[in-house]
Amino acid sequence: MIAIAPGPTVPARVVAHNVRRLMASFDMTYDQVVEASGLDQRTVRAIARAEKNTHARTLHRLAEGFGVAVEELFVDAGSIAAAGFDEATNPVVSHVIESHASVFEGWSAGDFAELHSRFGHGGELNERGTLEAAEQMNRKREVIAQARVVLETSDGKLLEEFVKMLYDRVQVKS
């Protein structure tokens, strides 16, 4: 881990903000974060004060300690505020999330924010529209997960070429 000179970089500030936000959300102390993540106290405190640029491995351990996706450490404050507004103005989505929890298993805060920001025909999502949007997002996530696996195989180049062909085809239609 590299100490940052007097003015911490924006990414370090964003990570620091999110560490403090997650600690507050989960009502966790530094000791609890240290225990959950397996990181030492000096490291956790330095990250929370934006004093360090942090290795990816450390960020993953920190995210695991909070029980969130690593992307949660990079969410900017503006997105959080917008997500809160979207959630407040589309209340049926929260009801659907509570009543159909299995559909939303493994979702990140970003996924929930995306769902809350969607609108159906003529305004906010209704229950059916919310479930359809969630299922569409889950299908997309599954395809992306499968593509990641294929990209790591000998068929990765073939998938790249196929995606490029489809992308070019879509760009021509636009």
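Worth knowing before you read on, the calculation uses all heavy atoms, side chains too, and leaves out hydrogens, waters and symmetry mates.
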Q.
Can you list everything that forms a side chain to side chain donor-acceptor pair (under 3.5 Å) with Asp155? Sequence neighbours excluded, please.
A. none
Q: Would you mind reporting whether Leu159 and Leu151 have side-chain heavy atoms less than 4.5 Å apart?
A: yes
Q. Should we count CZ of Arg148 as having more than 12 external heavy atoms under 6.0 Å?
A. no
Q.
For the CD1 atom of Ile97 and the CG atom of Leu131, what is their distance to the nearest 0.5 Å?
A. 10.0 Å
Q) Roughly how far, to the nearest 0.5 Å, is CD of Glu132 from CZ of Arg128? A) 4.5 Å
Q: Not counting sequence neighbours, which residues clear side chain to side chain donor-acceptor pair (under 3.5 Å) with Glu105? List them please.
A: none
Q | Residues that Gln136 engages under side chain to side chain donor-acceptor pair (under 3.5 Å), provided they are two or more places apart | A | Arg118
Q | Pairing residues for Ala69 by the side-chain contact (heavy atoms from CB on, under 4.5 Å) criterion, not counting sequence neighbours | A | Glu71, Ser108
Q.
Return the CG to NE2 distance between Leu62 and His60, rounded to the nearest 0.5 Å.
A. 11.0 Å
**Q.** Nearest atoms (heavy-atom pairs only) where Leu73 meets Leu59
**A.** CD1-O, 3.5 Å
Q: For residues Thr58 and Ile47, determine if any side-chain heavy atom of one lies less than 4.5 Å from a side-chain heavy atom of the other.
A: yes
**Q.** side chain to side chain donor-acceptor pair (under 3.5 Å) against Glu127, all qualifying residues, sequence neighbours excluded
**A.** His100
Q | Note, Val150 side chain near Phe162 side chain (heavy atom, < 4.5 Å) | A | no
Q) Does Gly38 offer a backbone N or O that forms a donor-acceptor pair with the side chain of Arg61 under 3.5 Å? A) yes
(Q) Has Gln32 got a side-chain atom pairing as donor or acceptor with Thr29's backbone, closer than 3.5 angstrom? (A) yes
Q) Does the side chain of Lys140 reach to within under 4.5 Å of the side chain of Val143, using non-hydrogen atoms? A) no
Q | Distance-minimising heavy-atom pair for Ala50 and Ala12 | A | CB-O, 3.6 Å
Q.
Minimum heavy-atom separation for Met28 and Ala36, please, with both atom names.
A. CE-CB, 4.1 Å
Q: Measure the OH-CZ distance between Tyr30 and Arg45 for me, rounded to the nearest 0.5 Å.
A: 5.5 Å
Q. For the residue pair Ala63 and Val70, what are the closest heavy atoms and their distance?
A. CB-CA, 3.6 Å
Q | Euclidean distance, Arg20 CZ relative to Met23 CE, rounded to 0.5 Å | A | 10.0 Å
Q) So, for Ala133 and Leu115, which heavy atoms are closest and what is the spacing to 0.1 Å? A) CB-CD1, 3.7 Å
**Q.** Closest non-hydrogen atom pair between Ala134 and Phe104, with its separation
**A.** CB-CE2, 3.5 Å
Q. Which value, rounded to the nearest 0.5 Å, describes the distance between Glu142 atom CD and Ile144 atom CD1?
A. 10.5 Å
Q: Enumerate the residue pairs fulfilling side-chain hydrogen bond (donor to acceptor under 3.5 Å, both in side chains) with a member in residues 156-166, sequence neighbours excluded, ordered by first and then second residue.
A: Lys164-Asp168
